[in-house]
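Step one of this worksheet: look at the structure below.
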Amino acid sequence: MDTTTKTLQHYIGGNWVHAKDGATLDVFNPLDDSLYLRAAKGSRQDVQSAVAEAKTAFADYRETLPKERERWLLRIAEIMEERKAELLDCLIDEIGSPIQKAMFEFEKGLTMIRAAAGLCRNVRGETIPSDAPGKFSMSVREPLGVVAVITPFNVPLIKTTRLVANALAVGNTVVHLPSEMAPHLTLLFAQIVADAGMPAGVYNVVTGYGHEIGDDLTSHKDVKFVTFTGSTVVGQHISEICAKNKTPNTLELGGKSPTVVLADADLDKAMPLAARSIFMFGGQACIGTSRFYVERPIYDEFVKRFAMIASKIGMGDLRDPNTVIAPIISDRQRQRIKDHIEDAKAKGATVVTGGEWDGNRCQPTLLTDVSEDMTVCRTETFGPVTSIYPIDSYEQGLAMANDTEYGLSSAIFTKNIDTAFHFARNINAGMCHINGPTIHDEAHVPFGGNGESGVGREGTDADMEAMTELKWITVQL
Ligand code: NAD
């Protein structure tokens, strides 16, 4: 890869190539908006070339043995460990991850790859009893072909490792469009894939602006599956394209995740987890808790303790392990957060703590007295901002938690196991954590949401089912 000039190239068909028209895009360090590097700005031609390479490679790759794919994936994990420092630096300087979050993402990424390696041997169909005498009947799972992977800026390593590795594990080839704000991380990963010996054309990366070339990828007739993680508005657009072309897809979108805290909760344990639920990476997490519903007997105590924790959260050097609050990625996202806070203040919300900015970082912000007419009440903020509402009963908490168009993660803190399970079964969300933070993810779980938060689940088993198709085969004996 051409790193000396800091102009990154696409990775297509096993080669590092400039954009066909030579165009580049600038990537900025979100901490101070300085130029971080330049990357190829892809066009339709680049997308077509990547899909063509992936399609050609699929013919041989689909015939590879599980043990070969397993070996490549395990080698990728080994090389990731060797290049840990480089990957961490990139997560810090390209997207502004504090080292604590970068480490979390790196470790999670490793488990994603290793879990995918285990998936190679588990692409299974079944034998099926037949009503026809002497007929042996079975189903087999087959890879789909070229998979389009589209990833967001905030957890580029987790999403890349999980979705790319799962697609490759089950025998598909991939064309990856990373966020225009995080191309370097993905291209470092592409170098690792190449060095692990993965055949040329199996994994391809085209960098560029999604709003310019995304449609060329998702509507391509040779793309057989689309997996998208990003905002709800882009997800809706992709869903419409996929519906028209009958391209199966999974969509992992935005959230407005609730946490309910009942009067019997162990606040000593719950408080640090509540803080982690929203402030990690400066609130730029789809599964962050942006709504807390707290029972009245402990409401004042909860707000007081939360404010104390929030005011002490680390906002220092990104390489300091105590730093939690990250710079907000772009001007557009910063403006959205400012708008949400200003709108809430203007309409009567109380800013218990925070609300101010330190450079590109928003202070951890707690809002109370939030009402339905405020934007922050129902819309994803994607910053270190959360609202705390008092509730008079568990039933009211459940009803308010369910009063949303989203349905991603959720949590409840209580010692009552019956109530906890009632909540888990009745909350309209793809995920629920009892006495744990809404921010939690593992390689082999069904991760995803409902409604405006998306369609389908990801994770080893879910991706295996989504990224393969069943074929029924019979043998007349
Ligand atoms: P975004 O929607 O702006 O961009 C995501 C990706 O979509 C980028 O790669 C972008 O280039 C691409 N894109 C843009 N237009 C496209 C088009 N027309 N066709 C195809 N691709 C296109 O999102 P973002 O700002 O990078 O990420 C933040 C959002 O992602 C938040 O809403 C967050 O909740 C969500 N998110 C969800 C999950 C999840 O698992 N549910 C995880 C992380 C982030």
Side-chain angles (χ1 to χ4, degrees), residues 25 27 30 39 41-42 44 47 94-95 101 105 108 112 148-160 162-163 175-183 185-186 205-220 223 226-242 247 249-257 278 280-290 328-334 336-337 379-383 405-409 429-431 438-442 445-459 462-463:
L25 62 84
V27 181
K41 183 162 91 71
R44 170 187 289 234
V47 170
E94 183 172 46
I95 57 163
K101 180 263 189 184
E105 191 166 356
K108 208 48 100 180
M112 297 291 177
V149 174
I150 304 171
T151 48
F153 79 87
N154 64 328
V155 276
L157 190 55
I158 289 177
K159 288 290 171 178
T160 294
R162 165 182 268 162
L163 295 163
V175 176
H176 187 172
L177 170 64
S179 166
E180 62 269 23
M181 293 178 284
L185 191 280
T186 301
V205 182
V206 177
T207 57
Y209 291 110
H211 63 268
E212 289 180 3
I213 55 171
D215 292 4
D216 296 319
L217 180 59
T218 54
S219 66
H220 198 296
V223 165
V226 174
T227 176
F228 170 79
T229 306
S231 58
T232 298
V233 59
V234 177
Q236 177 67 36
H237 174 73
I238 291 176
S239 161
E240 285 160 21
I241 291 178
C242 287
T247 311
N249 58 86
T250 50
L251 304 172
E252 300 295 345
L253 312 177
K256 195 77 192 168
S257 298
I278 179 61
M280 187 179 180
F281 194 40
Q284 297 171 112
C286 55
I287 44 184
T289 296
S290 45
I328 300 300
I329 191 77
S330 67
D331 259 344
R332 188 172 58 89
Q333 306 265 18
R334 285 167 212 148
R336 180 169 54 181
I337 295 168
T379 311
E380 184 181 50
T381 306
F382 222 56
E405 290 73 37
Y406 292 105
L408 196 52
S409 191
M431 302 174 274
T438 49
I439 296 187
H440 188 58
D441 189 7
E442 296 184 31
V445 300
F447 184 98
N450 308 334
E452 296 292 298
S453 292
V455 176
R457 298 292 181 266
E458 55 184 47
D463 281 330

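Computation of the quantities below employed the complete heavy-atom set of this structure, encompassing side-chain atoms and omitting hydrogens, waters and symmetry-equivalent molecules. First listed ligand is number 1; within each ligand, the first listed atom is number 1. We count residues from 1, following the sequence as given.
- Geometrically, ligand 1 and Y209 share no nitrogen or oxygen pair separated by less than 3.5 Å.
- Backbone and side-chain nitrogen or oxygen atoms of G210 are examined, and one is located within less than 3.5 angstrom of a nitrogen or oxygen of ligand 1.
- Those atoms of ligand 1 that come under 4.0 Å of a heavy atom in F382, given as number and element, are 28 (C), 31 (C), 33 (C), 34 (O).
- Between V155 and E105, the closest side-chain pair of non-hydrogen atoms falls below 4.5 Å.
- The ligand atoms of ligand 1 that sit less than 4.0 angstrom from a heavy atom of Q333 are 25 (O).
- When only interatomic distances are considered, the shortest N/O to N/O separation between S453 and ligand 1 does not fall below 3.5 Å.
- The protein heavy atom nearest to atom 19 (N) of ligand 1 is G214 CA, 3.3 Å.
- The shortest N or O to N or O distance between E180 and ligand 1 is below 3.5 Å.
- Each of the atoms 18 (N) of ligand 1 lies under 4.0 Å from some heavy atom of H237.
- Only backbone heavy atoms of L253 (N, CA, C or O) come within less than 4.0 Å of ligand 1; its side chain stays farther off.
- Residue T229 touches ligand 1 through backbone and side chain together, judged by heavy-atom distances below 4.0 Å.
- On a distance-only criterion, T151 and ligand 1 share at least one N/O pair closer than 3.5 Å.
- Contact annotation: for L408 versus ligand 1, heavy atoms closer than 4.0 Å belong to the side chain alone.
- Between F153 and ligand 1, at least one N/O pair is under 3.5 Å apart.
- Inclusion of N154 in the set of residues having an N or O under 3.5 Å from an N or O of ligand 1 is not warranted.
- With a heavy-atom cut-off of 4.0 Å, E458 does not touch ligand 1 at all.
- Contact annotation: for Q284 versus ligand 1, there are no heavy atoms closer than 4.0 Å.
- Between the side chain of Q284 and the main chain of F281, a donor-acceptor pair closer than 3.5 Å is present.
- Contacts between P178 and ligand 1, counted as non-hydrogen atom pairs separated by less than 4.0 Å, involve the backbone only.
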